[in-house]
Participant: 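Would you mind keeping the following structure in view while I ask a few things?
Small disclaimer: the values here were computed from a predicted structure and weren't measured. A, B, ... follow the sequence lines: proteins, then strands. Residue 1 opens every chain.
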Amino acid sequence: MTFQTELLQWYDRFAAPLPWRTTADPYRVWLSEIMLQQTQVETVIPYFERFLAAYPTVQALADAPLDDVLKQWEGLGYYSRARNLHRTAQRVAHDLNGQFPHTVDGLLKLPGIGRYTAGAISSIAFGQAAPLLDGNVIRVFARLTDLPDDVTQAAVKDRLWDLAEEWLHPERPGDYNQALMELGRVVCKPRHPVCADCPIQAHCQAFAHSTQAERPVKTPRPGTPHYDVAAGMVWDEAGRVLIAQRPLDGLLGGLWEFPGGKAEAGEELPDCLRRELQEELGIEVEVGELFTVVQHAFTHFRITLHAFTCRIAQGEPRALEVRDWKWVLPDELSQYSFGKADRDVIKALESRRGMLF
DNA sequence: AACACGGGGGG
DNA sequence: CCCCCAGTGTT
């Protein structure tokens, strides 16, 4: 029996009842696939449920303000996904008569849909014979073939894409693709693969050679740099705090923050904060006490965020290097989307306010 | 081809 | 602390 047949039999018996598997509705398949990019299944499930309740159709999503969509996305990361999701919803709703393209080539034209996601939607929602390759499939294939090559190299990935196409199950491409990924998630795991439970163990070259732990081969990534960041909690006479919205492009694009920025080499944090608030908002501030300190790790660097209490000494805020700014009451902060580090600052604010009474 | 882009989970 | 994750877009 071919490994494809055995894999599908296993999938038919043991497939997890994930919320996006209840129907083949292209909208649900698309939404789940965008959320699942670089994000684990367990993390996605609650976001998917909430998002679908807020926006039951692609039309509803297209009609929503981007700020609301970003608020729904808050905490999921890679916020360009939310911006592209919104753009694609508007394209589908307004230009494509509410219908997603069925083919890989058609889907690839939409923002946020690359080779993987186009293959996933095309095969799962529309039954097209389209291959896909993600981190799970790379690992499964690298072990099946006991691949000694570095899978972080583009040429090696190209060969794995060829393999994905060659090995595709023509009658059930969507189920086969999902079965491969599910096998990688629950059995052929990165560490401690459960080979005893593997339905295609008999086909696995790495199992035969006992090299599972050494596959796939990857070049280690370099260590991440660290930065100190100063942020201002600028208060006015009415007890409101100043928040700024980041530009749409770049890190945490479109999210709100307590304004500030990275300290330059040798720069004192209060000096850094005064400089940043002058550059971004055109205000002169008086920097007060250190309110709280938060550690946070991004993919490519780590930060220590130092949040200072401030007051405006001179000037009114202007949107010089920010998309927008607002004075808000502490109770209103929950209406805006923030990155994790700033949410930790807000958490410290809430716990300290509770202690006052 | 290399890099930017979040955050949570697990060893 | 490290690595991993249902990748995409830009340069």
Participant: Determine, for A:Y78 and A:R81, whether the Lys NZ or Arg CZ falls below 6.0 Å from the six-membered ring centre while staying within 45 degrees of the axis.
Facilitator: no
Participant: Take the angle between the ring planes of A:F100 and A:W30 and call it parallel below 30°, perpendicular above 60°, tilted in between.
Facilitator: tilted
Participant: Does A:A120 reach a base, just sugar-phosphate, or nothing at all? Heavy atoms under 4.0 Å.
Facilitator: nothing
Participant: If the P atom of B:dG6 is compared with that of C:dT11, how far apart are they to the nearest Å?
Facilitator: 16 Å
Participant: Can you see if the side chain of A:T39 gets near the phosphate of B:dG7 - specifically, an N or O under 4.0 Å from OP1 or OP2?
Facilitator: no
Participant: Could you pick out which residue, A:Q40 or A:G250, lies toward the 5' side of DNA chain B when each is mapped onto its nearest nucleotide?
Facilitator: A:G250
Participant: In this structure, how many angstroms lie between the C1' atom of B:dG9 and the CZ atom of A:R185, rounded?
Facilitator: 14 Å
Participant: Taking A:W256 as the fixed residue, which of A:Y79, A:Y336, A:W325 is the one that meets the ring-ring contact (aromatic ring centres under 6.0 Å, His included) rule?
Facilitator: A:Y336
Participant: Taking CZ from A:R81 and C1' from B:dG7, how many angstroms apart are they, rounded to a whole number?
Facilitator: 9 Å
Participant: Atom CZ of A:R191 to atom C1' of B:dG10: distance rounded to whole Å?
Facilitator: 6 Å
Participant: Scan A:L180 against the nucleic acid and name what it touches under 4.0 Å (heavy atoms): base, sugar-phosphate only, or nothing.
Facilitator: nothing
Participant: More 5' along DNA chain B: A:L255 or A:D158, using each one's nearest nucleotide?
Facilitator: A:D158
Participant: Under 30°, 30 to 60°, or over 60°: which ring-plane class applies to A:H296 and A:F298, parallel, tilted or perpendicular?
Facilitator: perpendicular
Participant: Should A:H296 be listed as having a side-chain N or O under 4.0 Å from OP1 or OP2 of B:dG7?
Facilitator: yes
Participant: When the P atoms of C:dA6 and B:dG11 are considered, how many whole Å apart are they?
Facilitator: 15 Å
Participant: Picking from C:dC4, C:dA6, B:dG8, which would you name as closest to the side chain of A:D134?
Facilitator: C:dA6
Participant: Atom CG of A:L248 and atom P of C:dG9: how far apart are they, to the nearest Å?
Facilitator: 16 Å
Participant: Taking the side chain as every heavy atom from C-beta outward, state whether A:H306 and A:V229 have any pair of such atoms under 4.5 Å apart.
Facilitator: no
Participant: Phosphate oxygens OP1/OP2 of B:dG9: is one of them under 4.0 Å from a side-chain N or O of A:K189?
Facilitator: no
Participant: Does a distance-only test, which skips hydrogens and angles, find a donor-acceptor pair under 3.5 Å between the side chain of A:Y116 and the base of C:dG7?
Facilitator: no
Participant: Looking at B:dG7, I'd like to know if its phosphate oxygens (OP1 or OP2) sit under 4.0 Å from a side-chain N or O belonging to A:Y79.
Facilitator: yes
Participant: Would you say A:Q38 places a side-chain N or O within less than 4.0 Å of OP1 or OP2 belonging to C:dC5?
Facilitator: no
Participant: At under 4.0 Å between heavy atoms, what does A:F298 touch on the DNA or RNA strands: base, sugar-phosphate, or nothing?
Facilitator: sugar-phosphate
Participant: Can the positive tip of A:R159 be found less than 6.0 Å from the middle of the six-membered ring of A:F141, inside 45° of the ring normal?
Facilitator: no
Participant: From C-beta outward on A:L251, which listed nucleotide comes closest to its side chain: C:dT8, B:dG7, B:dG6?
Facilitator: B:dG6
Participant: For A:L76, report the nucleic acid contact type (base, sugar-phosphate, nothing); a contact means any heavy atom under 4.0 Å.
Facilitator: base
Participant: Rounding to an integer number of Å, can you tell me how far A:L70 CG sits from B:dC5 P?
Facilitator: 16 Å
Participant: How would you label the contact of A:W73 with the nucleic acid (heavy atoms, under 4.0 Å): base, sugar-phosphate, or nothing?
Facilitator: nothing
Participant: Which part of the nucleic acid does A:S32 contact within heavy-atom distance under 4.0 Å: base, sugar-phosphate only, or nothing?
Facilitator: nothing
Participant: For the side chain of A:N84, starting at C-beta, report the closest nucleotide among C:dA6, C:dG9, B:dG6.
Facilitator: C:dG9
Participant: To the nearest Å, how far apart are A:L110 CG and C:dT8 P?
Facilitator: 12 Å
Participant: Can you tell me how the ring of A:Y176 sits relative to the ring of A:H169, calling it parallel under 30°, perpendicular over 60° and tilted otherwise?
Facilitator: tilted
Participant: Heavy atoms under 4.0 Å, any strand shown: does A:R139 hit a base, just sugar-phosphate, or nothing?
Facilitator: sugar-phosphate
Participant: Just checking A:R246: base, sugar-phosphate only, or nothing, at a heavy-atom cut-off of under 4.0 Å?
Facilitator: nothing
Participant: Establish whether the base of B:dG6 is bridged to the side chain of A:T299 by a donor-acceptor pair shorter than 3.5 Å.
Facilitator: yes
Participant: Looking across every strand, which nucleic acid part, if any, lies under 4.0 Å from A:G184 by heavy atom: base, sugar-phosphate, or nothing?
Facilitator: nothing
Participant: Which part of the nucleic acid does A:G75 contact within heavy-atom distance under 4.0 Å: base, sugar-phosphate only, or nothing?
Facilitator: sugar-phosphate
Participant: Rounded to the nearest angstrom, tell me the gap between atom NE2 in A:H300 and atom C1' in C:dC3.
Facilitator: 14 Å
Participant: Under 4.0 Å between any heavy atoms, over every strand shown, what does A:I34 touch: base, sugar-phosphate, or nothing? Just pick one.
Facilitator: nothing
Participant: Once you apply the 3.5 Å cut-off to both distances, tell me the Watson-Crick or G-U wobble partner of B:dG6, or none.
Facilitator: none
Participant: Report the distance from atom CD of A:E74 to atom P of B:dG7, rounded to the nearest whole Å.
Facilitator: 9 Å
Participant: Does the cation-pi check pass for A:R311 over A:W235, that is, NZ or CZ under 6.0 Å from the six-membered ring centre and within 45° of its axis?
Facilitator: no
